[in-house]
Amino acid sequence: MFASLFILMCLPWLDTSKVRSAVFRPLYKIFFWILVLDVLILGYIGANPPEGLYLLVGRIATIYYFIHFILLMPILGFKEKTIPLPISISEPVLTNDSKATTNRG
């Protein structure tokens, strides 16, 4: 249990991508939603008795949880091609603002 919390504390060093936003990382978006589904499955499995199929599904979901952070995040950071970043955040804001002021006046 402590390993699952400790891995979240190490997360800044495990994410090797230069682009931190998932908006510009299409592959990471897919793996993020798989992780969300995995966490929901782990929550459901944790509320059930550890026997039969619940035990197998819980083990598989736990293995994916650790693989996501220990293997997938560093590998995706190095290998993934990101969507081009905008030049500046102020440029879209200023161009939209200038259009709004001309419509008002």
Side-chain angles (χ1 to χ4, degrees):
M1 181 170 97
F2 292 112
S4 63
L5 298 174
F6 180 72
I7 204 164
L8 293 176
M9 290 190 306
C10 297
L11 199 57
W13 296 281
L14 294 173
D15 189 10
T16 57
S17 177
K18 292 187 184 348
V19 178
R20 299 290 182 182
S21 176
V23 173
F24 304 105
R25 300 173 64 192
L27 279 177
Y28 182 72
K29 276 186 200 178
I30 296 168
F31 285 112
F32 170 76
W33 287 111
I34 293 172
L35 179 68
V36 168
L37 180 66
D38 185 57
V39 169
L40 292 173
I41 290 170
L42 284 169
Y44 175 74
I45 294 297
N48 291 302
E51 55 189 29
L53 187 61
Y54 295 128
L55 188 62
L56 178 65
V57 172
R59 286 180 180 170
I60 292 170
T62 303
I63 289 170
Y64 178 78
Y65 179 85
F66 286 105
I67 285 175
H68 178 84
F69 291 113
I70 295 173
L71 292 178
L72 288 178
M73 284 190 70
I75 291 172
L76 279 177
F78 288 124
K79 299 291 182 186
E80 185 177 30
K81 301 288 184 198
T82 60
I83 296 173
L85 298 173
I87 296 170
S88 170
I89 193 166
S90 63
E91 185 176 315
V93 171
L94 293 176
T95 57
N96 289 340
D97 189 34
S98 65
K99 289 179 185 176
T101 57
T102 57
N103 291 340
R104 289 184 203 158

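Scope of the values below: all heavy atoms of this structure, side chains included, with no hydrogens, waters or symmetry mates. Numbers here are sequence positions counted from 1.
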Please say yes or no: joined through hydrophobic side-chain contacts below 4.5 Å, possibly via intermediate residues, are L27 and L71 part of one cluster?
yes
Heavy-atom pair with the smallest gap, counting every atom of I41 and A61:
CG2-CB, 4.2 Å
Measure the shortest side-chain to side-chain distance between L72 and Y28 over non-hydrogen atoms and say whether it is less than 4.5 angstrom.
no
Find the distance between CG (N48) and CG (L53) and round it off to the nearest 0.5 Å.
10.0 Å
Does F69 belong to the same Ile/Leu/Val/Met/Phe/Trp/Tyr cluster as W13, with side-chain heavy atoms less than 4.5 Å apart forming each link?
no
Do L37 and F31 sit in one hydrophobic cluster, given that two such residues count as connected whenever their side-chain heavy atoms are within less than 4.5 Å of each other, even indirectly?
no
Note, L14 side chain near I7 side chain (heavy atom, < 4.5 Å):
yes
Hydrophobic cluster membership, Y44 vs V57, 4.5 Å side-chain cutoff
yes
Given the options Y65, F66, Y64, H68 meets side chain to side chain contact (heavy atoms under 4.5 Å, CB included) only with Y64
If hydrophobic clusters are built from ILVMFWY residues whose side chains come within less than 4.5 Å, do I63 and L55 share one?
no
Separation between CD1 of I67 and CG of L35, rounded to the nearest 0.5 Å
12.5 Å
Could you check if a side-chain atom of V36 sits within less than 4.5 angstrom of a side-chain atom of F32, using non-hydrogen atoms only?
yes
So which atom in L8 and which in S4 form the shortest heavy-atom distance, rounded to 0.1 Å?
CG-O, 3.6 Å
Mind jotting down which residue pairs meet the salt bridge (Lys or Arg N to Asp or Glu O under 4.0 Å) criterion with at least one end in residues 23-37? Sequence neighbours excluded, please.
D15-R25, R25-E80
Just how far is it from atom CD1 of I60 to atom CG of L42, taken to the nearest 0.5 Å?
11.0 Å
